[in-house]
S.K.: 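Following this message is one structure expressed as structure tokens.
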Amino acid sequence: MLKEVAAQIAGSAGPANPGDLRTLDRAAAWRSLAQSGLLALRTRDGGSPAGSGVEVAVVAEALGAGLVPVPYLGSAVLATELLALAGAHDEAEALAEGGSRTGVLLDGDLSALAVLPGDQAVYGWDVDGADGALALTGVRGGYQVVRVSLETGFVPVPGADLTRALLRSDGPVGEASPTPVGSPLSAEDLSRWEALALTAIAADTVGVMRAAVARAVAYSKERVQYGVLIGSFQAVQHMCAEAYVQAEASASAVNYAAWAVDELEPAEALLAARTAKAQCASVAREVTETVMQVFGGIGQTYEHIAHVHTRRALTDRQVLGDEGVQLLRIADVRLTGE
Amino acid sequence: MDYRDTPEEAEFRASLREWLAAAIPAGWDKIDDEEAAVRLRKEWHRTLYRAGYVGMSWPEEYGGRGLSPVYDAILNEECGNLNAPPLPSVGYIGRAVFTYATEEQKRRFLPPLLSGEASWCQGFSEPEAGSDLASLRTTARLDGDHYVVNGQKMWTSGGQYADWCLLLARTDPDAPKHKGISAFLVSMTEPGVTCRPIVIASGEAETSEVFWDDVRIPVDQRLGAPGEGWRIAMTTVTYERGPADIGFIANYRRTLRKVEAIAAERGLLDRPETRKALARAYVRGEVLRLNCMEQLSLRVSGRPPGPEGSVAKLLWADAEQSLQHLAMDLLGADEMTGVAADWLSSYFTSRPVSVYGGSAQIQKNIIARMLDMPR
Ligand SMILES: Cc1cc2nc3c(=O)[nH]c(=O)nc-3n(C[C@H](O)[C@H](O)[C@H](O)COP(=O)(O)OP(=O)(O)OC[C@H]3O[C@@H](n4cnc5c(N)ncnc54)[C@H](O)[C@@H]3O)c2cc1C
């Protein structure tokens, strides 16, 4: 049910080619998501989330598959979950209604939520239509969520991903501007948040990969060379099969991580999330490149959709840490017991 | 094979180095504007030519110097070492003209091709004829002392900047598909030629589609005999795949130096992981270079390039693409946040290397056939 609704919205709000990104009605897509309750999944209902990690992953995958250019991850998942964990329920509700949007601030290398004040520029990631973004600041015994206005001190930058808005701060974000939101977070809260965030990003990547592979397979059933469909060449079959295997392996890892978000202890959920993110980050580049290869010359052009998959997947890979970052943390858990 | 320079080669290398050090235009690799970059490459072509470094292995009567192709390899190496602009790729189109042209055509077309006065593009592929080039549909109908060309070409790289085109068109619709094709030398300024740039994923207008509407070509601009187009095309792509003719060794070396510099700037040089990855990139480049050198020396001893060019093409695509992967891994998020936008662009430029000049899959098919495997 949820899956169908998400897929339907994604189907009408996703680009068929890059040119559509200029004309798509993003506001309408956002309204549909709000009206279907999909922006409210991580608001709290009597203390527990309205929707599970599994449901979030389903929506994230569908929107990734559609390359939908709306800040579902930024606003409805990453920011909303932070607000909910901090007990800022009114703010979370406001985002769920779709009237306002809030993004997140990431470190210069996109690998973590920004901790303010910092000494370097930060990025507002997935901030289309957002007037503010959330970050952390250290307080005694943990972290405090803070809100930074994006109205001044940030400039839009043309990132690799053509489907998400990116802003860069003019310089380090100081003490003056951030406003505390809700109550401080414990280390456990942050682990929960990170588990959900990593899983949702990985789910987006799975959507991107699966849809890309499906497009390549469909093309191989239309494109004729040497008087036959190119899908009948074993070389093309193997390319598609290998990409498919990697996408499906990634989906399995994400499915487990999505379940773990609400069902397991934070540390275990986080390990599952890192596993999924490491897997997705390690294969996404090759999978989307293979898809471009199956399309031959046309798949190399700007006007073709193939590179939009690649660009979104490559960016997902970096956000909250690439494979290398995840592997080192996994090694810490496995080998050092940290 | 003796890998040492002969005394003449060593002398050539030394004087080339000295010349390059003074001649390389400062800041050439900082130019952002596409047209300015094209102008610079044309100008560099002429500079190289005036100094005698273009077409060194070509016969003197057509503007060359009659030297062994080893000199081209030395040029490639030194240009790569000294970060010179890309070398002009006169080789693969020029060789086809050289092999099949009449004496008169050679005298007319080769000198300006080598000197850089006239630049060329290759009009082979069509929307429906990519890997299966022989199914091309553009027609050239004989009408008195002219051919009249109609059709659409796609992926004509540099078409928007080229003066001339080596064009394939079907002259005999009734002949078997490989036999009915002829090749032509056509001016891109002819009435009826319309070129539309194609922007690739890197954001650069690398290639183009060209529409041919009732374009009239004098019969004496047909290259080779009627129906010989397929053979000419195969000669061209074999040279295109083949070593040293397109300067990729120089480009690879130059890029590797830059990637090493990125690692140094970012303080990553003491990570064993990074050191190994950079060394592996060097090994890939060396393997490619040495394979090409071997092929070249066989060519010096008279063997024409053949299916083994596919080995070099696959090694090249792999080296180039792996090097861009390494750059991306070292740059991390910077390549995604616009901080290193030029590297993201280079990354996307490396992707079609496994598509043009025959895709990686087609090269493997050729190698399997060369190995005489069951079909
Ligand atoms: C940037 C760029 C520059 C180019 N420059 C030029 C140029 O200057 N002049 C020119 O004439 N052409 C040029 N080309 C065209 C290029 O040679 C073709 O794109 C290429 O031959 C592939 O053809 P296609 O794009 O139609 O893909 P297709 O032939 O449709 O191939 C699609 C997929 O099917 C696979 N495939 C096809 N047949 C087989 C088979 N028999 N066995 C196994 N797999 C197969 C391919 O490997 C590919 O993965 C250029 C292309 C690009 C992208």
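In what follows, chains are A, B, ... by sequence order, proteins preceding strands, each numbered from 1.
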S.K.: Under a 4.5 Å heavy-atom cutoff, which of A/Arg168, A/Glu323, A/Glu303 has the most pairs with chain B?
M.R.: A/Arg168
S.K.: What residue in B/Ser354, B/Gly203, B/Ala129 has the most heavy-atom pairs under 4.5 Å with chain A?
M.R.: B/Ser354
S.K.: Tell me if the CZ atom of B/Arg137 is crowded by more than 12 foreign heavy atoms within 6.0 Å.
M.R.: no
S.K.: Determine the option with the most heavy-atom pairs under 4.5 angstrom with chain A, choosing from B/Thr337, B/Val355, B/Asp334.
M.R.: B/Thr337
S.K.: Looking at A/Tyr244, I want to see if its OH is surrounded by more than 12 non-hydrogen atoms of other residues, nucleotides or ligands under 6.0 Å.
M.R.: no
S.K.: Which heavy-atom pair separates A/Gly108 from B/Ala333 by the least distance, and what is that distance?
M.R.: O-CB, 4.4 Å
S.K.: Report the distance from atom CD1 of B/Ile200 to atom NE2 of A/His304, rounding to the nearest 0.5 Å.
M.R.: 14.0 Å
S.K.: For A/Thr301 and B/Ile198, work out which heavy atoms get closest and say how close.
M.R.: CG2-CG2, 3.6 Å
S.K.: Looking only at heavy atoms, what is the nearest atom pair of A/Arg223 and B/Pro127, with distance?
M.R.: NH1-O, 2.9 Å
S.K.: Where on A/Gln318 is there a heavy atom nearer than 4.5 Å to chain B: the side chain, the backbone, both, or neither?
M.R.: side chain
S.K.: Within the supplied structure, the quantity of interest is the number of heavy atoms (other residues, nucleotides, ligands) at a distance under 6.0 Å from A/Gln237 CD; does it exceed 12?
M.R.: yes
S.K.: At a 4.5 Å cut-off on heavy atoms, which part of A/Tyr123 comes close to chain B: side chain, backbone, both, or neither?
M.R.: side chain
S.K.: Just so I understand: if I count every heavy-atom pair under 4.5 Å between each of A/Val157, A/Ile230, A/Thr310, A/Asp161 and chain B, which residue has the most?
M.R.: A/Thr310
S.K.: With a cut-off of 6.0 Å (strictly less than), are more than 12 heavy atoms of other residues, nucleotides or ligands near NZ of B/Lys179?
M.R.: no
S.K.: Would a distance-only check, ignoring hydrogens and angles, find a side-chain to backbone donor-acceptor pair under 3.5 Å from B/Gln361 to A/Val236?
M.R.: no
S.K.: For the atom pair CG (B/Leu331) and CG (A/Asp109), what is the distance rounded to the nearest 0.5 Å?
M.R.: 12.5 Å
S.K.: At what distance, to the nearest 0.5 angstrom, does NZ of B/Lys177 lie from OH of A/Tyr226?
M.R.: 8.0 Å
S.K.: Do other residues, nucleotides or ligands put more than 12 heavy atoms under 6.0 Å from A/Arg329 CZ?
M.R.: no
S.K.: Are A/Leu314 and B/Met328 close enough that some pair of their side-chain heavy atoms sits under 4.5 Å apart?
M.R.: yes
S.K.: B/Ser135 versus chain A, heavy atoms under 4.5 Å apart: side chain, backbone, both or neither?
M.R.: neither
S.K.: First locate atom CG of B/Leu344, then atom CZ of A/Arg311, and finally report the distance between them rounded to the nearest 0.5 Å.
M.R.: 5.0 Å
S.K.: Do you know the tightest heavy-atom contact between B/Asp132 and A/Gly227?
M.R.: OD2-N, 4.2 Å
S.K.: Just wondering, are more than 12 heavy atoms of other shown residues or ligands nearer than 6.0 Å to CZ in B/Arg275?
M.R.: no
S.K.: If we define contacts as heavy-atom pairs under 4.5 Å, which of B/Leu133, B/Asp329, B/Thr207 has the most with chain A?
M.R.: B/Asp329
S.K.: Taking heavy atoms only and a threshold strictly under 4.5 Å, list by residue number the residues of residues 281-299 of chain A that touch chain B; give 'none' if the list is empty.
M.R.: A/Arg285, A/Glu289, A/Met292, A/Gln293, A/Gly296, A/Gly297, A/Ile298
S.K.: For A/Ser111, is it the side chain, the backbone, both, or neither that has a heavy atom closer than 4.5 Å to a heavy atom of chain B?
M.R.: neither
S.K.: Using modelled atom types and a 3.5 Å cut-off, is there a donor and acceptor pairing between side-chain atoms of A/Gln225 and backbone atoms of B/Glu128?
M.R.: yes
S.K.: Should B/Met336 and A/Val319 count as side-chain neighbours, where that means a heavy-atom distance under 4.5 Å?
M.R.: no
